[in-house]
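See structure below.
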Amino acid sequence: MSTHSKGKASEMKHYAGKAVFSAAVGHALDGLDLMILSFALSGIMATFAVDNTTAGMLTSITLAGAFLGGLIFGKLADKYGRIKVLTYSVIFFGVFTLGSAFAPNFEVMALCRFLAGLGIGAEFGLGMAIAAEVSSPENRAKSTSAVGLGFQVGVLCASLSSAPIIAAFGWRGLFVVGFIPAIIAIIIRAFVPEPPIYEEHKASGKAHGKLSDLFATPERVKFSIVIIILCTVQNAGYFGIMTWLPKYLNSELGLSLTSTGLWTAVTVLGMMIGISAFGFLADKAGRRPAFWTFQVGAAAMIIIYSQLTDPTALLIGGFFMGMFANGMIGGYGTLIAELFPTEMRGTAQTALYNAGRFIGGASAPVVIPMIAAGHGFGFAIGCVSCIYVVAFIAMFFIPEKKGATLE
């Protein structure tokens with residue numbers, strides 16, 4: 001390889017690292033915000049005098065906003081650029097997250113959560129599109145998994161900081177703190193250019209993809225439906241568990257709020273290791289073997305975890321439950337990137353993932369307390385394991401594209 005080629009390769013690697021880091025920071029905001037909401041639920045319930053099911057609807061409302069935001073920002077990103085649109089989405093997110101801190105009643109709180117959700121809707125999909133477009137085929141799953149890791153860094157920060165912030169400032173202080181990282185994300189993105197593959201597409205003059213293009217052919221209909229199913233299962237499992245895990249540990253198992261944060265943080269650490277392991281496995285063995293391994297592991301560990309009561313066993317079990325249940329998160333970005341072309345990749349990433357996030361993530365936080373009302377949170381969380389069977393079957397309909405060049 002010539003010196004010029006080596007220099008160009010090194011420059012591209014450096015750019016790819018910056019782009020993936022930028023996407024990961026944005027996705028960290030997503031995780032921070034949603035986990036802050038989980039820790040704030042008890043305070044919100046007391047302040048606005050609402051019950052478990054009503055409070056759980058705040059997560060559903062946030063995800064409804066994310067679904068709409070995904071449709072809007074995904075299309076704009078295919079037209080105007082990934083980085084540019086992500087920056088505007090963070091501004092949306094930051095303003096209304098701060099607004100949540102000053103909500104005078106539950107109705108205004110719900111409105112702020114919906115509007116903050118609009119901004120959140122872009123973070124996963126466009127972050128994944130950027131990571132997939134700047135990485136080499138042999139490292140694509142590792143790159144999208146790195147963006148998935150960003151989400152868990154945000155969740156971990158919320159898990160470790162929520163208790164002291166609530167003690168000092170109350171639940172409203174959580175949403176003030178949640179605004180600060182948004183400013184950091186905006187600054188970082190000012191120094192990251194658009195992915196070269198997107199710039200090439202833009203220069204070619206090709207038409208930008210439309211939402212209807214996701215269902216334009218029988219093959220795309222199949223791919224779109226299967227991806228929505230997979231993302232629905234992923235988010236039902238994740239949000240169903242993580243929304244109510246702090247309350248389950250606190251109210252039914254008697255752990256203090258500080259201990260609850262520690263137990264949740266260990267679960268999140270398991271998720272981070274799982275995400276990293278998944279990325280390596282998916283690039284090495286293939287997309288389908290990686291998903292099948294983690295889907296089986298998730299179903300088994302959720303059942304085991306729901307039966308535990310000993311604090312030490314909960315700590316260990318939570319680590320492994322987190323590892324399998326959320327290890328797959330980066331894989332969806334890779335699957336969608338490999339199934340849809342550049343002109344509609346932003347639309348596909350945001351629309352399909354957020355459709356699944358809305359269906360699964362919005363329903364599980366409401367359904368779980370309904371089941372728990374009659375059978376307890378342990379039984380309700382255990383029921384989540386059944387949905388991974390559906391995801392296991394769905395993977396048979398996705399072609400293996402390990403090492404494929406993006407269209």
Pairwise side-chain contact, [X] with [Y], heavy-atom cut-off 4.5 Å (strictly under):
{"X": "Met272", "Y": "Leu156", "result": "yes"}
{"X": "Arg140", "Y": "Leu406", "result": "yes"}
{"X": "Phe124", "Y": "Val147", "result": "no"}
{"X": "Ile36", "Y": "Phe175", "result": "yes"}
{"X": "Asp33", "Y": "Ile120", "result": "yes"}
{"X": "Asn235", "Y": "Tyr353", "result": "yes"}
{"X": "Val20", "Y": "Ser135", "result": "no"}
{"X": "Pro289", "Y": "Leu281", "result": "no"}

Which pair of non-hydrogen atoms, one from [X] and one from [Y], has the smallest distance, and what is that distance?
{"X": "Phe73", "Y": "Ala122", "answer": "CB-CB, 3.6 Å"}
{"X": "Gly237", "Y": "Val384", "answer": "CA-CG1, 3.6 Å"}
{"X": "Ala110", "Y": "Ile61", "answer": "O-CG2, 3.3 Å"}
{"X": "Val192", "Y": "Ser22", "answer": "CG2-CB, 4.0 Å"}
{"X": "Ala141", "Y": "Ala282", "answer": "CB-CB, 3.7 Å"}
{"X": "Ala55", "Y": "Leu41", "answer": "O-CD2, 3.5 Å"}

Answer yes or no: is there a donor N or O on one side and an acceptor on the other, between the side chain of [X] and the main chain of [Y], under 3.5 Å?
{"X": "Ser224", "Y": "Leu214", "result": "yes"}
{"X": "Glu400", "Y": "Arg288", "result": "yes"}
{"X": "Ser145", "Y": "Gly148", "result": "no"}
{"X": "Thr144", "Y": "Ala132", "result": "no"}
{"X": "Ser363", "Y": "Gly360", "result": "yes"}
{"X": "Gln152", "Y": "Leu269", "result": "no"}
{"X": "Gln349", "Y": "Ile336", "result": "no"}
{"X": "Asn139", "Y": "Lys142", "result": "no"}
{"X": "Ser161", "Y": "Cys157", "result": "yes"}

Supply the atom-to-atom distance [X] [atom1] to [Y] [atom2], rounded to the nearest 0.5 angstrom.
{"X": "Leu335", "Y": "Phe340", "atom1": "CG", "atom2": "CZ", "result": "10.5 Å"}
{"X": "Lys75", "Y": "Met344", "atom1": "NZ", "atom2": "CE", "result": "10.0 Å"}
{"X": "Leu111", "Y": "Met109", "atom1": "CG", "atom2": "CE", "result": "11.0 Å"}
{"X": "Leu126", "Y": "Ser89", "atom1": "CG", "atom2": "OG", "result": "7.0 Å"}
{"X": "Thr350", "Y": "Ile72", "atom1": "OG1", "atom2": "CD1", "result": "10.0 Å"}
{"X": "Ser143", "Y": "Glu138", "atom1": "OG", "atom2": "CD", "result": "10.0 Å"}

Are side-chain N/O atoms of [X] and [Y] paired as donor and acceptor at under 3.5 Å?
{"X": "Arg113", "Y": "Thr62", "value": "yes"}
{"X": "Asp78", "Y": "Tyr198", "value": "no"}
{"X": "Glu407", "Y": "Thr342", "value": "no"}

Review point. Parallel under 30°, tilted from 30 to 60°, perpendicular over 60°: which one fits the rings of Trp171 and Phe48?
Key: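 Aromatic pair Trp171/Phe48 classed perpendicular.
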
Point to revise | Aromatic ring pairing Phe92/Phe96, orientation class (parallel under 30°, perpendicular over 60°, tilted between) | key: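 Correct class here is tilted.
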
Pairing of [X] and [Y] as salt bridge, 4.0 angstrom limit:
{"X": "Arg357", "Y": "Asp30", "answer": "yes"}
{"X": "Glu133", "Y": "Arg82", "answer": "yes"}
{"X": "Asp213", "Y": "Lys210", "answer": "yes"}

Check your understanding: For atom CZ of Phe215, is the number of surrounding heavy atoms from other residues, nucleotides or ligands below 6.0 Å larger than 12?
Key ->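 Enclosed: over 12 neighbouring heavy atoms sit under 6.0 Å from CZ of Phe215.
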
**Study point:** Atom OH of Tyr88 with >12 non-hydrogen neighbours under 6.0 angstrom
**Key:** no

Point to revise | Near-ring test Phe291/Phe278, centroid separation under 6.0 angstrom | key: yes

Check your understanding: Can you list the steps and then say if Gln234 with Asn326 is a side chain to side chain donor-acceptor pair (under 3.5 Å)?
Key -> CA-CA 7 Å; Gln234 170 69 28; Asn326 207 53; 2.7 Å; yes

Point to revise | ring-ring contact (aromatic ring centres under 6.0 Å, His included) between Tyr238 and Phe151, intermediate numbers included | key: CA-CA 12 Å; Tyr238 181 81; Phe151 185 94; 5.5 Å; yes

Practice item. Report the residues that fulfil side-chain contact (heavy atoms from CB on, under 4.5 Å) with Ala298, sequence neighbours left out, ordered by chain and then residue number. Key: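 By the side-chain contact (heavy atoms from CB on, under 4.5 Å) rule, Ala298 matches Phe324, Ala325, Tyr388.
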
Practice item. Determine, step by step, whether Tyr332 and Ile227 satisfy the side chain to side chain contact (heavy atoms under 4.5 Å, CB included) criterion, reporting the C-alpha distance in whole Å, the side-chain angles of both residues, the deciding distance to 0.1 Å, and the verdict. Key: CA-CA 8 Å; Tyr332 303 103; Ile227 291 293; 5.7 Å; no

Exercise for review: Just do the side chain to side chain contact (heavy atoms under 4.5 Å, CB included) check on Val296 and Thr293 with the steps written out, would you?
Suggested key: CA-CA 6 Å; Val296 170; Thr293 299; over 6 Å; no

Point to revise | Partner of Glu338 under salt bridge (Lys or Arg N to Asp or Glu O under 4.0 Å), chosen from Arg287, Lys402, Arg345, Lys401 | key: Arg287

Practice item. Determine, step by step, whether Ile165 and Ser162 satisfy the side chain to side chain contact (heavy atoms under 4.5 Å, CB included) criterion, reporting the C-alpha distance in whole Å, the side-chain angles of both residues, the deciding distance to 0.1 Å, and the verdict. Key: CA-CA 5 Å; Ile165 291 172; Ser162 288; 5.8 Å; no

Check your understanding: Would Met301 and Tyr305 count as a side chain to side chain contact (heavy atoms under 4.5 Å, CB included) if you check the C-alpha gap in whole Å, the side-chain angles of each, and the deciding distance to 0.1 Å?
Key -> CA-CA 6 Å; Met301 285 310 306; Tyr305 189 83; 5.7 Å; no

